[in-house]
Amino acid sequence: MWPILRCIPEMLRNRPAHRWIHRVMKELNTNIACFRLGNTHVIAVDSPEIAREFLKKHDAIFASRLETMATSIVSRGNLTTVFGLGGKQWKKMRRILVSEILSQSRMRWLLDMRNQEADNLVRFLYNQCSTSAKGKVINVRTASQHYPANALRRMMFSTRYFGKGSEDGGPGFEEEEHVASFFTMLKYVYAFSVSDYLPWLRGLDLDGHQKRVRDAVKVVNKYHDPIVNDRIQQWREGKKTDPEDLLDVLILLKDSDGNPLLSIDEIRAQILELFLETVDNPYNAAEWALSEMLNQPNQLEKAVEELDRVVGKDRLLQESDVPHLPYVISCAREALRLHPMASFNVPHVSSSDSIVSGYFIPKGSSVLLGRLGLGRNPAVWDDPVRFDPERHLSECHVDLGESELRFISFTRGRRGCVGGALGTNLTVMLLGRLLQGFTWNVPEGLDKIDLSCEADSLLKATPLFAHAKPRLNPSVYPSSLL
Ligand code: HEM
């Protein structure tokens with residue numbers, strides 16, 4: 001018999017809910033547990049064997065999603081992919097992403113734009129630390145959080161800045177506001193809001209989540225909508241003839257009768273969702289990896305040695321180098337394992353009754369694979385809380401995928417991540433360029449980098465500040481903002 005807990009009051013007494021679920025499972029010494037929240041069976045899983053049963057053997061049954069107040073707001077009523085509940089609309093949007101937006105050929109088409117942003121990343125850091133011969137302490141989070149967002153803004157809208165930006169290559173007010181809004185949305189999309197399990201409470205917005213999500217979406221719309229509207233107009237008036245970025249691609253998609261395949265609302269919602277999928281993991285993995293490696297400098301040395309051997313010191317790391325950097329890839333994988341963005345994978349909901357690993361799972365159950373629980377499972381990982389890239393090395397990974405679900409990166413199956421190649425490139429380019437371009441040290445006066453998490457999330461509690469000094473010939477650093 002497995003534990004079934006009826007628990008909305010318990011959950012409210014023990015915020016944040018994700019920590020409470022992990023604690024209860026640890027106390028009960030179980031890898032699977034069912035929490036009854038309102039009428040929903042929420043099933044948490046910490047074992048790769050059971051996780052594979054769900055996403056391999058029974059994948060078709062668990063390919064729906066949980067609708068929450070926040071997912072329905074950000075996806076304009078579930079028009080998009082990750083928040084698509086399943087069925088025709090989700091299939092259509094997923095197919096578009098796979099074949100038109102994130103395909104290999106599309107990614108090749110947009111390579112110059114990503115390169116420009118990878119160069120701007122290095123230039124922004126160089127501008128900050130090269131003004132003193134000794135180097136300087138800089139805020140790594142600002143640079144690393146904005147790099148994936150800049151890359152997508154460039155690929156989506158052919159622009160880096162919504163406003164004037166910043167002289168030194170950093171974000172302007174508009175970009176700060178844009179990126180911060182996505183992190184607000186990410187915080188609330190699956191936040192165990194009581195009204196998601198007791199729907200009659202929805203209108204009341206007791207925890208204030210609804211207002212915060214609506215405000216964040218408003219901010220993003222303020223930046224995106226004028227660009228989208230103007231671009232549609234340009235195509236209608238024949239002012240544009242060649243597609244130049246992903247927005248053009250989305251506008252030009254046609255159905256079999258030659259009519260636009262996507263409505264304006266679908267375009268807006270899918271663009272917003274693509275930003276949500278891009279801004280978080282690469283930055284979080286790179287910030288944690290560098291923080292951990294600063295506390296174990298032999299790991300920093302190994303990664304830099306690999307970069308010097310594979311890439312050299314006369315040019316900057318390129319995406320084509322990424323598959324040849326097993327140690328740097330292992331560092332990024334280790335950060336995803338030990339420090340995931342969120343406690344749980346995106347929920348998978350069952351479309352019929354089923355038996356999985358001998359447990360009866362009623363239709364409508366919401367399955368949460370534990371990103372923390374799998375990644376730190378002591379039955380799978382030796383000394384699980386130690387950051388140790390070597391544990392991935394023997395497997396010769398050329399990307400961040402983990403299809404055996406020993407930890408969650410892109411998962412697998414019908415709902416698996418469709419942005420794995422882009423996600424790998426953004427993450428490894430970010431971490432790799434930080435390591436190749438600069439010598440990093442713990443700031444003077446500190447023994448170690450503080451590795452504590454925020455109270456209610458798994459993000460690093462404080463932004464990483466570290467001492468950076470350029471380590472390449474000045475001629476290798478990009479000299480002007482692109
Ligand atoms: C290192 C970076 C990334 C990581 C670790 C990551 C991880 C994930 C995970 C865990 C899921 C949920 C899978 C599931 O439900 O089982 C997911 C879904 C998804 N990801 Fe990613 N992702 C990354 C980057 C990206 C990027 C850059 C994009 C696109 C720009 C993207 C697009 C998507 C989409 C569209 C889905 C939803 C698929 C569906 O529900 O059908 N991801 N990702």
Side-chain angles (χ1 to χ4, degrees), residues 45 51-52 54-56 58-59 62-66 71 75 78-87 89-103 106-107 110 114 144 147-149 151-156 182 186 189-190 246 250 269-289 322 329 332-333 335-337 339-349 366-372 374-375 399-403 405 407-431 458:
V45 176
R52 286 196 294 269
F54 277 107
L55 295 201
K56 205 167 165 181
H58 301 282
D59 182 37
F62 293 93
S64 305
R65 291 280 194 222
L66 177 72
T71 60
S75 66
N78 315 307
L79 291 179
T80 56
T81 316
V82 77
F83 303 125
L85 301 183
Q89 179 66 19
W90 161 68
K91 277 193 189 139
K92 168 173 125 175
M93 300 311 274
R94 186 172 165 106
R95 202 176 316 120
I96 290 172
L97 291 192
V98 170
S99 57
E100 303 289 345
I101 302 298
L102 297 163
S103 66
R106 189 67 72 203
M107 285 298 112
L110 297 165
R114 291 195 301 287
S144 48
Y147 160 67
L152 185 58
R153 219 179 282 118
R154 181 83 79 167
M155 291 192 285
M156 183 62 68
F182 293 115
L186 285 166
V189 277
Y190 296 113
L246 292 176
L250 288 167
Q270 188 56 66
I271 290 175
L272 185 153
E273 190 192 271
L274 284 165
F275 274 95
L276 275 181
E277 288 146 359
T278 305
V279 293
D280 57 351
N281 285 296
Y283 121 75
N284 186 57
E287 187 186 51
W288 274 115
V322 167
I329 289 177
R333 289 176 69 83
L336 284 175
R337 176 192 74 80
H339 297 293
M341 253 309 290
S343 260
F344 297 106
N345 186 29
V346 186
H348 287 232
V349 170
S366 176
V367 176
L368 301 178
L369 304 186
R371 288 180 84 160
L372 211 54
L374 286 163
D399 62 24
L400 303 179
E402 171 52 38
S403 60
L405 303 175
F407 67 94
I408 299 287
S409 67
F410 306 131
T411 80
R412 59 180 300 147
R414 286 170 173 72
R415 282 291 185 162
C417 177
V418 294
L422 178 60
T424 294
N425 277 327
L426 290 174
T427 308
V428 181
M429 285 292 287
L430 171 57
L431 180 60
L458 302 182

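Read the numbers this way: they start at 1 and go in the same order the structure lists the ligands and their atoms. Note that the structure is predicted; figures quoted are calculated from it, not measured.
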Taken in chain and number order and not counting sequence neighbours, the residues that satisfy side chain to side chain donor-acceptor pair (under 3.5 Å) with K56 are none
Taken in chain and number order and not counting sequence neighbours, the residues that satisfy side chain to side chain contact (heavy atoms under 4.5 Å, CB included) with T81 are W90, M93, R94, L97, Q270, E273
Could you check whether any side-chain heavy atom of V279 comes within less than 4.5 Å of a side-chain heavy atom of L186, counting everything from C-beta outward? yes
Who pairs with H339 by ring-ring contact (aromatic ring centres under 6.0 Å, His included), at least two apart in sequence or on another chain? W288
Check each N or O atom of ligand 1 against all protein N or O atoms and list the pairs under 3.5 Å, with atom names and distances to 0.1 Å, one per line.
residue  : atom   : partner : partner atom : Å
ligand 1 : 15 (O) : R65     : NH1          : 2.8
ligand 1 : 15 (O) : R65     : NH2          : 2.9
ligand 1 : 15 (O) : H348    : NE2          : 2.8
ligand 1 : 16 (O) : N345    : ND2          : 3.0
ligand 1 : 16 (O) : H348    : NE2          : 2.7
ligand 1 : 16 (O) : T411    : OG1          : 2.8
ligand 1 : 40 (O) : R65     : NH2          : 2.8
ligand 1 : 40 (O) : R415    : NH1          : 2.9
ligand 1 : 41 (O) : W90     : NE1          : 2.9
ligand 1 : 41 (O) : R94     : NH1          : 2.7

Can a donor-acceptor pair be found, under 3.5 Å and without considering hydrogens, that links the side chain of R114 to the backbone of A151? no
Can you measure from CG (L372) to CG (N345) and round to the nearest 0.5 angstrom? 13.0 Å
